[in-house]
Trainee: 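Take a look at this one; I'll ask things after.
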2 protein chains.
Amino acid sequence: MSAASSRATLIEVAKLAGTSKTSVSRFFGPERERLTPSLQTRIANAATALGYQPNLMARGLKGGGSRLLGVLVADIRNPFSVAVVHGIEQAARTHGYSLIVCNTDNDPEQEQQHLRLLKSYQIEGLIINAAGQPEAQLQALKHSGVPLVLLDREVRQLDVDVIGLDNALAIDMALDHLVRQGYRSILYASEPPAYASTRQERLQRFNQQAERLGIKSQTLILSSSAPDFETLTAFVEHPGSSPGAVLCANGNVTLAMTRSFQQLDITLGQTGLMGIDELDWCELITPGITTLAQPTDDIGHAAVSCLLNQLNGSAQASPVRYRHAPRLQIRGSTTLVPNF
Amino acid sequence: MSAASSRATLIEVAKLAGTSKTSVSRFFGPERERLTPSLQTRIANAATALGYQPNLMARGLKGGGSRLLGVLVADIRNPFSVAVVHGIEQAARTHGYSLIVCNTDNDPEQEQQHLRLLKSYQIEGLIINAAGQPEAQLQALKHSGVPLVLLDREVRQLDVDVIGLDNALAIDMALDHLVRQGYRSILYASEPPAYASTRQERLQRFNQQAERLGIKSQTLILSSSAPDFETLTAFVEHPGSSPGAVLCANGNVTLAMTRSFQQLDITLGQTGLMGIDELDWCELITPGITTLAQPTDDIGHAAVSCLLNQLNGSAQASPVRYRHAPRLQIRGSTTLVPNF
DNA sequence: CTGAAAGCGCTTACAG
DNA sequence: CTGAAAGCGCTTACAG
């Protein structure tokens with residue numbers, strides 16, 4: 001159909017520059033300096049004249065490396081994930097890498113499929129926010145020399161670098177804030193913890209610390225179908241001896257809970273509401289929703305650094321865990337007596 | 001550093017199966033049926049035994065096609081873009097394609113750089129939501145036989161398929177709704193229209209239709225720095241003979257305007273507020289913000305279809321324009337007398 | 001400093 | 001139905 005005036009190749013450039021493939025190849029690689037200045041300019045001219053772009057797939061084939069990083073996200077529509085991918089992209093670009101981004105929609109099957117594909121593309125590293133527990137595949141990748149970094153979620157029995165939030169610290173900060181603000185009974189709302197280590201860590205820390213602090217605590221696991229109004233209603237009406245607050249395990253939960261608050265006509269602040277993950281609209285819901293913002297750019301950058309360290313061989317012997325601290329963003333939803 | 005027990009190759013599979021490279025290659029390609037059932041199973045066994053995955057970069061090199069689609073977005077943190085990419089990904093996966101996703105952060109320089117890279121990766125098609133006007137590069141790509149689809153934004157002097165919203169229809173629907181609701185003076189808020197054809201189209205249609213309908217109209221171009229409270233305040237205080245409404249050109253603007261409304265303590269509904277693009281939180285801002293939702297999945301799917309049509313050679317002679325209709329989502333922000 | 005040659009893992013006419 | 005051979009565009013020892 002199309003004219004397909006196919007792109008110029010190394011050979012054509014060499015011919016036009018009156019030199020060999022080898023020299024042209026060197027010109028576009030790390031050995032450019034070995035070439036005479038005059039040869040360099042001859043090649044440069046020929047290349048621009050022909051609009052030559054090295055074929056990275058060919059280069060990848062022959063040891064040069066694909067310069068491709070795989071990124072596998074569980075939910076690309078989650079603002080947190082998008083923000084991290086943005087950070088990853090920034091860092092990757094700085095180092096001359098491009099990204100193959102795949103989304104699994106939290107489906108382990110799609111995850112398997114994507115992992116197969118990524119392997120096929122000879123990626124030089126993989127950053128994965130796992131949907132399931134693809135230990136076998138990842139183990140195989142790792143074993144075949146592909147640097148790996150787990151993002152936010154761990155995978156059982158897989159001993160590789162993990163980058164994410166300091167979940168224990170986050171829960172501690174949340175509880176500390178809520179208690180300071182006068183809330184003494186806390187409902188912790190989360191998506192089902194199975195398969196997502198982050199959810200488990202946060203939930204576990206919550207239970208542990210709530211007990212240690214003598215806080216009246218309760219847990220609500222959100223089903224993906226209908227919201228659980230009963231539990232929430234009961235909690236709001238009988239929070240115990242003192243005011244209650246709802247702590248949301250992540251942005252999705254915060255969204256769901258905010259909806260529920262509105263539908264049940266629960267006053268923000270009077271019943272506290274706080275969430276892990278910062279979202280565009282948290283400041284817009286009167287009187288503002290208090291959050292723990294994750295440093296998403298830092299997380300993305302750290303993930304790329306880990307990968308590069310592994311590529312350089314300058315990696316630690318044992319896997320690293322980067323636990324980033326969240327930033328507390330205080331708003332009206334955790335103030336008992338709204339001032340108006 | 002790592003053992004790099006490198007992956008199995010075609011040759012090893014052939015050896016183990018006691019056959020030739022050719023047959024193994026056929027097995028993994030579209031010609032599998034030409035092989036004897038017995039040969040097929042022998043190869044299948046050998047392949048799984050070795051955990052063989054075809055090297056797609058090698059395949060890409062030798063005519064087989066890279067099975068890679070490029071996606072270039074102007075702002076990956078915009079929920080609209082993310083939703084469309086999600087749709088693209090779904091459709092691409094169905095057809096066995098993976099995505100190289102690049103983000104330009106609305107920077108024409110990054111766009112140039114990414115385009116060069118994408119070309120290097122031998123993508124089989126490109127979906128681009130342009131940041132600048134990269135006509136030359138795109139022209140070259142098109143000329144070298146790479147199917148192209150413009151997403152949302154057109155590029156001047158570039159005659160290729162365009163997928164996006166029916167901007168004229170959207171504006172018409174918005175104006176119709178606002179007028180019906182009793183607003184007679186409308187402030188149209190937009191980001192700077194330069195370089196983004198969508199913004200221009202919407203703005204132009206707004207001006208045109210406002211005049212035709214005899215609506216008192218005004219325009220506010222948002223600067224990226226500080227919000228323009230003066231214009232908004234003046235508009236709210238002197239909307240003319242009858243109530244005024246603000247129409248936001250896209251999701252970013254809706255966000256900015258909602259902030260401004262709150263900071264200036266403007267009551268939603270009393271002064272209308274409506275936006276193109278549906279966002280998670282539009283239903284959460286009391287009394288809800290009326291929107292025109294874009295069918296993002298459809299748009300993503302359509303983009304992939306166009307690409308595939310071009311690849312098949314079954315494309316129209318002249319470029320196609322798919323203008324998708326928005327869906328009106330009515331909420332309290334465009335009701336003059338809130339009922340409570 | 002420069003180049004001829006082998007080879008990366010695959011596909012595809014072309015023969016048989 | 002199957003396979004030997006050439007070649008995709010590049011890199012990298014190895015010689016000169």
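Just so we're on the same page: letters track the sequence lines, and every chain starts at 1.
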Trainee: Check whether B/T19 reaches the backbone of B/V24 with its side chain - one donor and one acceptor, N or O, closer than 3.5 Å.
Mentor: no
Trainee: Does B/Y52 make a side-chain N or O approach to OP1 or OP2 of C/dC10 shorter than 4.0 Å?
Mentor: yes
Trainee: By nearest nucleotide on DNA chain D, pick out whichever of B/A58 and B/L35 is the more 5' one.
Mentor: B/L35
Trainee: Taking the side chain as every heavy atom from C-beta outward, state whether B/F80 and B/D152 have any pair of such atoms under 4.5 Å apart.
Mentor: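 With C-beta onward as the side chain, the pair touches.
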Trainee: Could you point out which residue of A/L68, A/I100, A/V146, A/L141 forms a side-chain contact (heavy atoms from CB on, under 4.5 Å) with A/L118?
Mentor: A/I100
Trainee: Got a salt bridge between B/R34 and B/E31, using NZ or NE/NH1/NH2 to carboxylate O under 4.0 Å?
Mentor: yes
Trainee: Donor-acceptor pair, A/E89 side chain versus B/N103 backbone, under 3.5 Å?
Mentor: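 It does hold such a pair.
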Trainee: Could you tell me the separation between the CG atom of B/N55 and the P atom of C/dC8, rounded to a whole number of Å?
Mentor: 12 Å
Trainee: Test B/S120 against A/Q53 for side chain to side chain donor-acceptor pair (under 3.5 Å), laying out the working first.
Mentor: CA-CA 6 Å; B/S120 295; A/Q53 281 296 123; 3.3 Å; yes
Trainee: Between D/dC1 atom C1' and B/R32 atom CZ, what is the distance in whole Å?
Mentor: 16 Å
Trainee: Checking A/P134 now: which residues fulfil side chain to side chain contact (heavy atoms under 4.5 Å, CB included) with it, not counting sequence neighbours?
Mentor: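 With neighbours one apart ignored, the set is A/E111, A/Q112, A/L115, A/I128, A/A130, A/L138, A/V155.
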Trainee: Would one find a side-chain N or O of A/T36 under 4.0 angstrom from OP1 or OP2 of C/dT2?
Mentor: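 A/T36 to C/dT2 OP1/OP2: side-chain N or O found under 4.0 Å.
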Trainee: Which dot-bracket string describes DNA chain C (Watson-Crick N1-N3 plus N6-O4 or O6-N4, or G-U N1-O2 and O6-N3, all under 3.5 Å; [ ] crossing; | other strand)?
Mentor: |||.||||||||.|||
Trainee: Using atom CD1 of A/I11 as one end and atom P of D/dC8 as the other, report the distance to the nearest whole Å.
Mentor: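 It works out to 7 Å between those atoms.
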Trainee: Rounded to whole angstroms, how far apart are CG on A/L61 and P on D/dG7?
Mentor: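 Roughly 17 Å, once rounded to whole Å.
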Trainee: Nearest to the side chain of A/K62, which nucleotide is it out of C/dG7, C/dG9, C/dC1?
Mentor: C/dG7
Trainee: If you take any heavy atom closer than 4.0 Å to DNA chain C, which residues from residues 19-30 of chain A end up in contact?
Mentor: A/T19, A/S20, A/K21, A/T22, A/S23, A/R26
Trainee: Send over the distance from A/R59 CZ to D/dT12 C1', rounded to a whole Å.
Mentor: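 Going from A/R59 (CZ) to D/dT12 (C1'), I get 13 Å.
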Trainee: Can you tell me the distance, in whole Å, between the NZ atom of A/K15 and the P atom of D/dG9?
Mentor: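 That distance rounds to 12 Å.
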Trainee: Please determine which of B/I88, B/I127, B/L126 meets the side-chain contact (heavy atoms from CB on, under 4.5 Å) test together with B/L307.
Mentor: B/I127
Trainee: Expressed as a whole number of angstroms, how long is the span from A/E31:CD to C/dG3:P?
Mentor: 14 Å
Trainee: Kindly indicate whether the side chain of B/Y52, heavy atoms from C-beta on, has any atom under 4.5 Å from the side chain of B/I43.
Mentor: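 B/Y52 does not reach B/I43 side chain to side chain.
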Trainee: State which of D/dT2, D/dT11, C/dC10 makes the closest approach to the side chain of B/L39.
Mentor: D/dT2
Trainee: Rounded to the Å, how far apart are A/L10 CG and C/dG7 P?
Mentor: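 Atom CG in A/L10 sits about 19 Å away from atom P in C/dG7.
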